[in-house]
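Whatever order the structure lists them in is the order used to number ligands and atoms, beginning at 1.
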Amino acid sequence: MSHRVLIIGSGPAAHTAAIYAARAELKPVLFEGFLAGGVAAGGQLTTTTDVENFPGFPEGIMGPDLTERFRAQSERFGTTIHTETVNEVDLSSRPFHFKADTQEGTAQTIIIATGATAKRLDIPGASDGELWQKGISACAVCDGALPAFRNQPLAVIGGGDSAVEEATFLTKYGSPVYIVHRRDELRASKIMQHRALTNSKIEMLWSHVVTEAKGKDFLEAIRVKDLKTDEERDVPVAGLFFAIGHTPNTAFLNGQIDTDEQGYIITKPDSTATNVPGVFAAGDAQDKKWRQAVTAAGTGCMAALEAEHFLTAQG
Ligand code: FAD
Ligand code: NDP
């Protein structure tokens with residue numbers, strides 16, 4: 001039998017959609033992914049510590065705890081959850097066909113809430129088999145506590161909220177923590193900027209880029225270039241963390257849904273509808289502007305309500 005609502009993803013967008021669809025008695029089936037896009041089920045919030053801006057938690061809540069609560073709430077209202085990645089969909093006719101790791105099936109509507117994955121910088125020395133995961137990471141929260149980073153100089157690349165958050169987190173372990181940013185002003189929100197600029201353990205390398213990662217078996221230094229003077233020099237560091245943005249997890253759609261040039265799903269104005277009737281998109285997979293847990297949750301709610309209206313209209 002065809003599912004009425006298939007939800008692909010497991011962050012705040014997917015689980016909010018599941019809560020609404022389950023309470024509308026649509027018996028949603030949610031595929032939460034198995035390290036899909038390199039992210040644990042639960043999504044990007046599993047890679048962070050304190051979430052202080054999600055309403056309802058005045059003291060803040062740890063990212064993984066919040067995602068556990070989302071999941072528990074989806075299950076409580078009857079969502080069926082599979083810990084598998086959806087690898088293929090065929091959207092050419094309804095019901096839509098999908099293939100996951102060990103099973104396949106059909107669905108009347110699909111909500112895509114596959115989020116986004118942290119980008120890596122392609123510089124000499126930083127690839128798999130070189131120093132990647134030997135001092136180089138894209139997740140300070142996951143890897144920052146390694147003994148090799150204790151009391152050592154560390155570096156974070158980027159100028160957004162993630163870069164500031166990662167750098168602040170890393171000051172618990174190492175010092176100084178350089179933020180290497182290609183411009184001379186941060187993209188991060190004002191409160192995060194203030195946090196970075198007033199932390200005595202954080203040192204800004206404004207208008208600098210990292211051109212190479214150096215070390216034998218583990219990272220020993222980064223080569224940085226001052227974009228204003230073109231001067232290059234080595235900066236000794238034991239850890240390098242990328243915080244340079246994200247790529248939407250939409251490649252598995254294989255071009256069947258309209259996206260922009262970066263792969264973000266295009267939705268209709270004031271809607272989560274895509275170019276394929278019956279397919280809706282929510283969260284960071286379709287949002288490159290706001291990218292917050294609460295906005296992802298908001299569009300997840302919209303997608304479930306729109307899927308319900310679509311099914312009703314189809315009889
Ligand atoms: P995501 O959280 O990206 O989750 C998508 C999930 O879907 C992933 O688990 C992925 O594995 C899974 N998936 C992908 N492809 C498939 C597939 N084919 N099949 C099945 N599953 C799949 N926002 C805030 O509001 N406050 C914060 O404090 C905050 N801190 C952050 C800290 C960090 C380090 C980062 C990286 C982000 C932070 N954000 C924060 C942003 C917030 O995490 C995201 O906006 C939000 O998680 C996006 O939710 P989402 O539902 O779109 O998907
Ligand atoms: P952003 O896209 O906001 O920032 C990416 C940063 O990386 C930018 O400063 C960008 O530089 C830089 N960058 C991009 N590509 C390169 C490159 N090739 N070389 C060098 N630098 C590069 O991503 P974030 O991950 O920081 O944030 C994503 C979303 O998650 C945001 O909406 C943010 O608000 C949210 N978030 C919220 C948090 C919170 O509220 N506590 C914590 C973390 C994230 P440039 O500025 O020049 O473009």
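- Shown here is Arg76, whose CZ atom has no more than 12 heavy atoms of other residues, nucleotides or ligands within 6.0 Å.
- Listed by number with element, the atoms of ligand 2 under 4.0 Å from a non-hydrogen atom of Gly158 are 7 (O).
- Of the N or O atoms in Val39, one or more lie within a sub-3.5 Å distance of an N or O in ligand 1.
- The ligand atoms of ligand 2 that sit less than 4.0 angstrom from a heavy atom of His246 are 25 (O).
- In this structure, Asp234 pairs ionically with Arg223, as a charged nitrogen and a carboxylate oxygen lie closer than 4.0 Å.
- Looking at Asn53, Val164, Asp287 and measuring to atom 40 (O) of ligand 2, the nearest heavy atom belongs to Asn53.
- For Glu25, the CD atom is loosely surrounded, since the number of other residues' heavy atoms within 6.0 Å does not exceed 12.
- Proximity of Lys119 to ligand 2 is not established, as no heavy-atom distance is less than 4.0 Å.
- The N/O atoms of Gln292, backbone and side chain alike, include one that comes under 3.5 Å of an N/O atom in ligand 2.
- Taking a 4.0 Å cut-off on heavy atoms, Gln44 fails to register as neighbouring ligand 2.
- The proximity of Ala118 to ligand 1, defined as any non-hydrogen pair under 4.0 Å, does not occur for either the backbone or the side chain.
- Contacts of Ile8 with ligand 1, taken as heavy-atom pairs under 4.0 Å, involve the side chain alone.
- Closest to atom 14 (C) of ligand 1 among all protein heavy atoms lies Thr114 O, 3.2 Å.
- Taking distance alone, with nitrogen or oxygen atoms compared against 3.5 Å, Gly43 approaches ligand 1 more closely than that limit.
- Per-residue contacts place Thr85 under 4.0 angstrom from the following atoms of ligand 1 (heavy atoms of the residue considered): 17 (C), 18 (N), 19 (N), 20 (C).
- Checking only distances, Gln292 does come within under 3.5 Å of ligand 1, N or O to N or O.
- Considering backbone and side-chain N/O of Val86, one or more are found under 3.5 Å from N/O of ligand 1.
- Closest to atom 6 (C) of ligand 1 by heavy atom, among Ala281, Ala138, Ser10, is Ser10.
- Scanning the protein heavy atoms around atom 3 (O) of ligand 1, the nearest turns out to be Gln44 NE2, 2.8 Å.
- Heavy-atom contacts of Phe31 reach the following atoms of ligand 1: 20 (C), 21 (N) (cutoff under 4.0 Å).
- Taking atom 51 (O) of ligand 1 as the reference point, the nearest protein heavy-atom neighbour is Ala13 N, 2.9 Å.
- Within ligand 2, counting atoms from 1 as listed, the ones closer than 4.0 Å to a heavy atom of Gly160 are 4 (O), 6 (C), 9 (O), 26 (O).
- Taking each of Ile244, Leu186, Ile157, Val294 in turn, the one with a heavy atom nearest to atom 5 (C) of ligand 2 proves to be Ile244.
- Within 6.0 Å of CG on Asp270 lie no more than 12 heavy atoms contributed by other residues, nucleotides or ligands.
- Nearest non-hydrogen protein atom to atom 25 (O) of ligand 1 is Ala293 N, 2.8 Å.
- Within the 4.0 Å heavy-atom cutoff, Val209 does not count among the residues contacting ligand 2.
- In the displayed structure, Lys99 atom NZ is contacted under 6.0 Å by at most 12 heavy atoms of other residues, nucleotides or ligands.
- Ranking the protein heavy atoms by distance from atom 22 (C) of ligand 1 puts Ala36 CB, 3.4 Å first.
- For atom 38 (C) of ligand 1, no protein heavy-atom neighbour is found at a distance under 4.0 Å.
- Below 4.0 Å from some heavy atom of Trp290 lie the following atoms of ligand 2, by number and element: 32 (O).
- Counting non-hydrogen atoms of other residues, nucleotides and ligands closer than 6.0 Å to OH of Tyr20 gives a total of 12 or fewer.
- Phe57 and Phe54 have tilted rings, their planes meeting at an angle from 30° to 60° on a 0 to 90° scale.
- Looking at Asp161 and Arg195, no side-chain N of the basic residue comes within less than 4.0 Å of a carboxylate O on the acidic one, giving no salt bridge.
- Residue Gly159 has at least one N or O atom closer than 3.5 Å to an N or O atom of ligand 2.
- Atoms of ligand 2 found under 4.0 Å from any heavy atom of Ser162 (numbered from 1 in listed order, with element): 24 (P), 25 (O), 26 (O), 27 (O), 43 (C), 44 (C).
- Heavy-atom proximity to Glu165, at under 4.0 Å, picks out these atoms of ligand 2: 41 (N), 42 (C).
- At least one N/O-N/O distance between Ala116 and ligand 1 falls below 3.5 Å.
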Next item on the list: Given side-chain contact (heavy atoms from CB on, under 4.5 Å), test Val180 with Val209 step by step and report yes or no.
Entry: CA-CA 6 Å; Val180 187; Val209 289; 5.7 Å; no
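- Counting heavy-atom neighbours within 6.0 Å of Asp122 CG, excluding the residue itself, gives a total of 12 or less.
- A salt bridge between Arg233 and Asp226 is absent, with no side-chain N of the basic residue lying under 4.0 Å from a carboxylate O of the acidic one.
- For atom 49 (O) of ligand 1, the nearest non-hydrogen atom from the set Pro12, Gly11, Gly283, Gly115 comes from Pro12.
- The pair Glu220-Lys214 fails the salt-bridge criterion, with no side-chain N (NZ, NE, NH1 or NH2) lying under 4.0 Å from an Asp/Glu carboxylate O.
- At a 3.5 angstrom cut-off on N or O pairs, Leu35 does not count as close to ligand 1.
- Annotation: Ile191, atom CD1; neighbour count of heavy atoms from other residues, nucleotides and ligands within 6.0 Å does not exceed 12.
- If you check which protein heavy atom lies closest to atom 41 (C) of ligand 1, you get Arg291 O, 3.5 Å.
- Using a 30° and 60° split on the angle between ring planes, Phe149 and Phe218 fall in the tilted class, from 30° to 60°.
- If you number the atoms of ligand 2 from 1 as listed, the ones under 4.0 Å from a heavy atom of Leu121 come out as 17 (C), 18 (N), 19 (N).
- In this structure, the protein non-hydrogen atom closest to atom 44 (C) of ligand 1 is Asp284 OD2, 3.4 Å.
- Heavy-atom contacts of Gly245 reach the following atoms of ligand 2: 5 (C), 23 (O) (cutoff under 4.0 Å).
- When non-hydrogen atoms are compared, ligand 1 lies under 4.0 Å from the side chain of Glu165 (C-beta onward) but not from its backbone.
- Only the backbone of Ala40 comes within 4.0 Å of ligand 1, counting heavy atoms alone; no side-chain atom from C-beta on gets that close.
- Within the 4.0 Å heavy-atom criterion, the part of Asn53 lying near ligand 1 is the side chain and not the backbone.
- Regarding atom 29 (C) of ligand 1, its nearest protein heavy-atom neighbour is Leu45 CD2, 4.1 Å.
- Ser137 and Asp143 are linked by a side-chain donor-acceptor pair at a separation below 3.5 angstrom, with hydrogens and angles left out of the test.
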